[in-house]
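As the structure lists them, so they are numbered: ligands from 1, and atoms in each ligand from 1.
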Amino acid sequence: MEYKNPLGVDIDLETGVIPGAKKLVRRLSDLKGYFVDEKAYEELLKENPVVYEVYAVEQEEKDGDLNFATTVLYPGKVGREFFFTKGHYHSKADRAEIYYGIKGKGGMLLQTPEGKAEWIEMKPGTVVYVPPYWAHRTVNTGDEPFIFLAVYPADAGHDYGSIAEKGFSKLVVEENGEVRIVDNPKWKE
Ligand SMILES: O=C(CO)[C@@H](O)[C@H](O)[C@H](O)COP(=O)(O)O
Ligand SMILES: [Fe+2]
């Protein structure tokens, strides 16, 4: 029997960086078609800000193993909509996940394949359980980076297609200085 080596790493709780992790950067240009206000999107695209970064420690896609990753989701808005991650189902749709809030303020939008949505607020210390089959997207509703850890089965994979095409049935927007969860006018069942 070949055993893997255990691993201990210290997440930088201020920046979200995991030493030695694989870094992925998502700019606004990677999120074309995701925000409802297309004019505001085109306007902000001139600056093309970084929307989020992911630091991932991933294993081979084997049943039973675990991956973990931090996400640093920057503050910002496109029109009234707060910056968010793309959001996905898992390719193996029955794979669950745990998120843990590290810094900043935000939340998670979750959705079943039938379009039933749930919003869960997150702050440092919040644990979110993402059950099997639910799509999930995080949203930064604050004015500093929103940083969290995710732990997920190594064979879960990411299925971005359906969210990229249809979005979520709800939007997270600012209205008169408040965070509101509203119906997505562009949602198609
Ligand atoms: O849910 C997971 C892994 O299953 C997170 O690590 C996200 O991958 C990350 O927050 C970026 O979000 P996406 O761009 O992948 O939606
Ligand atoms: Fe996930």
Verify whether one side chain among T126 and E121 offers a donor that lies under 3.5 Å from an acceptor in the other.
-> no
Identify the closest protein heavy atom to atom 12 (O) of ligand 1: which residue and atom is it, and at what distance?
-> T85 CB, 3.5 Å
In ligand 1, which numbered atoms sit nearer than 4.0 Å to a non-hydrogen atom of Y160?
-> 13 (P), 14 (O), 15 (O), 16 (O)
Shortest protein heavy-atom distance from atom 5 (C) of ligand 1, along with the residue and atom involved | Y99 OH, 3.3 Å
Short list, please: which atoms of ligand 1 are under 4.0 Å from a heavy atom of E97?
-> 1 (O), 2 (C), 3 (C), 4 (O), 5 (C)
In ligand 1, the atoms that come under 4.0 Å of a heavy atom of F148 are 10 (O)
Considering only the protein, which heavy-atom contact is closest to atom 8 (O) of ligand 1, and what is its distance?
-> H158 NE2, 3.2 Å
Aromatic ring pairing F146/F148, orientation class (parallel under 30°, perpendicular over 60°, tilted between) | tilted
Specify whether an N/O/S atom of H88 falls short of 2.8 Å from the Fe ion (ligand 2).
-> yes
So which of the N, O or S atoms of H136 lies nearest the Fe ion (ligand 2)?
-> NE2
Do R137 side-chain atoms and T85 backbone N/O form a donor-acceptor pair below 3.5 Å?
-> yes
Please state which part of R137 comes within less than 4.0 Å of ligand 1, counting heavy atoms only: side chain, backbone, both or neither.
-> neither
Using atom types as modelled and distance alone, determine if a side-chain donor or acceptor of Y129 lies under 3.5 Å from a backbone N or O of A96.
-> no
Under 3.5 Å: donor-acceptor pair, side chain of E81, backbone of L171 | no
Provide the number and element of each atom of ligand 1 under 4.0 Å from a heavy atom of H90.
-> 4 (O)
Would you say the side-chain atoms of T70 pair up with the backbone N or O of L149, donor to acceptor, closer than 3.5 Å?
-> no
Show which atoms of ligand 1 fall inside a sub-4.0 Å distance from at least one heavy-atom site of H136.
-> 1 (O)
Any nitrogen or oxygen of H88, main chain or side chain, under 3.5 Å from a nitrogen or oxygen of ligand 1?
-> yes
Aromatic centroids of F84 and F35 separated by under 6.0 Å | yes
Would you check if the side chain of Y52 reaches a backbone N or O of K86 as a donor-acceptor pair within less than 3.5 Å?
-> yes
Of all N, O or S atoms in E97, the one closest to the Fe ion (ligand 2) is OE1
Angle class for the Y152/H90 ring planes (parallel below 30°, perpendicular above 60°, tilted otherwise)?
-> parallel
Are E175 and V182 side-chain neighbours, meaning at least one heavy-atom pair lies under 4.5 Å?
-> yes
Which protein heavy atom lies closest to atom 10 (O) of ligand 1, and at what distance to 0.1 Å?
-> T71 OG1, 2.8 Å
Could you list which atoms of ligand 1 come closer than 4.0 Å to a heavy atom of A150?
-> 6 (O)
Identify, for atom 14 (O) of ligand 1, the protein heavy atom at the shortest distance, and state residue, atom and that distance.
-> Y52 OH, 2.5 Å
Any donor-acceptor pair under 3.5 Å from D159 side chain to G161 backbone = yes
Can you find a non-hydrogen atom of G87 under 4.0 Å from ligand 1?
-> yes
